[in-house]
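What follows is a short report on a single structure.
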Amino acid sequence: MYGLLLEAMFDALRERHGDEILEEIRVAANIEQHEFIMHDTYPEEVAIRLANAVSMATGGRVNDIMTHFGFHFVSFTSRYGYDFMLKVLGRNLRDFLNGLDSLHDYLRTSYPKLLPPSFFSENETKDGLIMHYRSKRKGYTHYVMGQIQKVAIMFYNTEVEIEMLEVDESAKGTHCVMKLHFDNRGFEHDLKQKLVRPKAPLEIKNRVLLDAFPYHIVFGRDMVIKTLGKSLMQLVKDASGKRVDHVFEMVKPPIDFTFDEVCHSAFISSIAVSRFCRCQRTPTSCSK
Ligand code: HEM
């Protein structure tokens, strides 16, 4: 895990409990570092050990401590000028959440080993929306809740109440569904605007559409590839007729590579990125 997150956690503790208590917690958590370098990586367990040590020292619940860490993270990153990126991520909270995957993708340029979370929102109403959070990690759902509450206050001047609907934590990571309750009246306005606009069918010929996306993959419910975009075809020859999950690997969003999951998650808001394997073995059995 990158030092940026860990240093933000230290900073949250310093601000709330002072230097002396932070030092006691650091020793109790068996953490060697007195500070973390933003762009260096550290073992994943450090954050978990830290949250547990804080809980032992203060009697607070680990979930609340993680919420506090997430809340603090947003203002912490502002010190490094990242608030400029966050301010332009969306005109409203829904667009902001849907933009987070692109933000983390972009951050790969400065954090190349980033293991990013993935978000998308759906079922928006004037009172809120449903948000899906996915991660290869476990233990960050309350952290996310704190981040969202802080973002809502800081950039949208609104309070959010978060209701956890489903949490699925397994060896594969986390998939969490949350209902975000907030004053989302702007949504009704957007909806009305859409309704008054005349509905003119947009007719685009298949060929034009497919040419416009030279890296597209078309596959059916049986997962068999029907066609590939021109540029992708140059890279992976003979893929037509093979199972898409035998030739490509789902990298982002972190979902199971099944037809239903792809339809449900990937195309609602974010782009599915797949890594392909040149050695014709299935991506999972390939060590390259
Ligand atoms: C511009 C501001 C931001 C920066 C620079 C940033 C950067 C990062 C970095 C470096 C990581 C560590 C990943 C790793 O070590 O593999 C991370 C993880 C994470 N980020 Fe961001 N991030 C930002 C904003 C946000 C916001 C606004 C949210 C949510 C509302 C968010 C949600 C998360 C979560 C939940 C994780 C880690 C846990 C997981 O794997 O799910 N980030 N971010």
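Between atom CG of residue D168 and atom NZ of residue K138 there is a gap of 10.5 Å, rounded to the nearest 0.5 Å. One finds the CG atom of L13 at 12.0 Å from the CD atom of E24 (value rounded to the nearest 0.5 Å). Summarising the geometry, atom CZ belonging to F119 is positioned 9.5 Å from atom SG belonging to C176; distances are rounded to the nearest 0.5 Å.
Using modelled atom types, no side-chain atom of H246 and backbone atom of K242 make a donor-acceptor pair closer than 3.5 Å. The main-chain N or O of N30 is found under 3.5 Å from a side-chain atom of R49 such that the two form a donor-acceptor pair. Between the side chain of D64 and the backbone N or O of G60 there is no donor-acceptor pair closer than 3.5 Å. N184 places a side-chain N or O within donor-acceptor distance of the main-chain N or O of T125, the cut-off being under 3.5 Å. Side-chain N or O atoms of E7 include one that pairs as donor or acceptor with a backbone N or O of F36 at under 3.5 Å. Remark: the backbone N or O of M223 is not paired with any side-chain donor or acceptor of R243 at under 3.5 angstrom. Checking side-chain atoms of T174 against main-chain N and O of R137 turns up a donor-acceptor pair under 3.5 Å. A donor-acceptor pair under 3.5 Å is formed between the side chain of Y42 and the backbone N or O of I37. Formation of a donor-acceptor pair under 3.5 Å by the T58 side chain with backbone atoms of V54 is found in this model. A donor-acceptor contact shorter than 3.5 Å links the side chain of S78 to the backbone of V74.
Within 6.0 Å of the CZ atom in R91, the count of heavy atoms belonging to other residues, nucleotides or ligands does not exceed 12. Residue F259 places its CZ atom among more than 12 non-hydrogen atoms of other residues, nucleotides or ligands, all under 6.0 Å distant. Few gaps surround NZ on K87; more than 12 heavy atoms of other groups in view lie less than 6.0 Å from it. More than 12 non-hydrogen atoms from other residues, nucleotides or ligands lie less than 6.0 angstrom from CZ of R14. Residue M56 qualifies as open at atom CE: its count of foreign heavy atoms under 6.0 Å is 12 or below. Within 6.0 Å of atom CG in N206, 12 or fewer heavy atoms from other residues, nucleotides or ligands are found, so the atom counts as exposed in its surroundings.
Shortest non-hydrogen contact noted between R26 and I31 is NH1-O, 2.7 Å. The two residues H72 and A8 come nearest to each other via the heavy atoms CD2-O, 3.4 Å.
Using a 30° and 60° split on the angle between ring planes, Y143 and Y140 fall in the perpendicular class, above 60°. Ring orientation note: the planes of Y111 and Y2 are nearly perpendicular, at an angle over 60° on the 30°/60° scale.
Looking at E261 and R134, a side-chain N of the basic residue comes within less than 4.0 Å of a carboxylate O on the acidic one, giving a salt bridge. The pair R94-E124 counts as a salt bridge, with a side-chain nitrogen and a carboxylate oxygen less than 4.0 angstrom apart. The pair D256-K172 meets the salt-bridge criterion, with a side-chain N (NZ, NE, NH1 or NH2) lying under 4.0 Å from an Asp/Glu carboxylate O.
In this model, a donor atom of one side chain and an acceptor atom of the other lie less than 3.5 Å apart for N98 and S121.
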- Message: salt bridge (Lys or Arg N to Asp or Glu O under 4.0 Å), that's the test. Do D183 and K126 meet it? Break it down for me.
- Response: CA-CA 7 Å; D183 180 357; K126 66 176 179 28; over 6 Å; no
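The stretch residues 148-164 participates, sequence neighbours left out, in these side-chain hydrogen bond (donor to acceptor under 3.5 Å, both in side chains) pairs: E163-H181.
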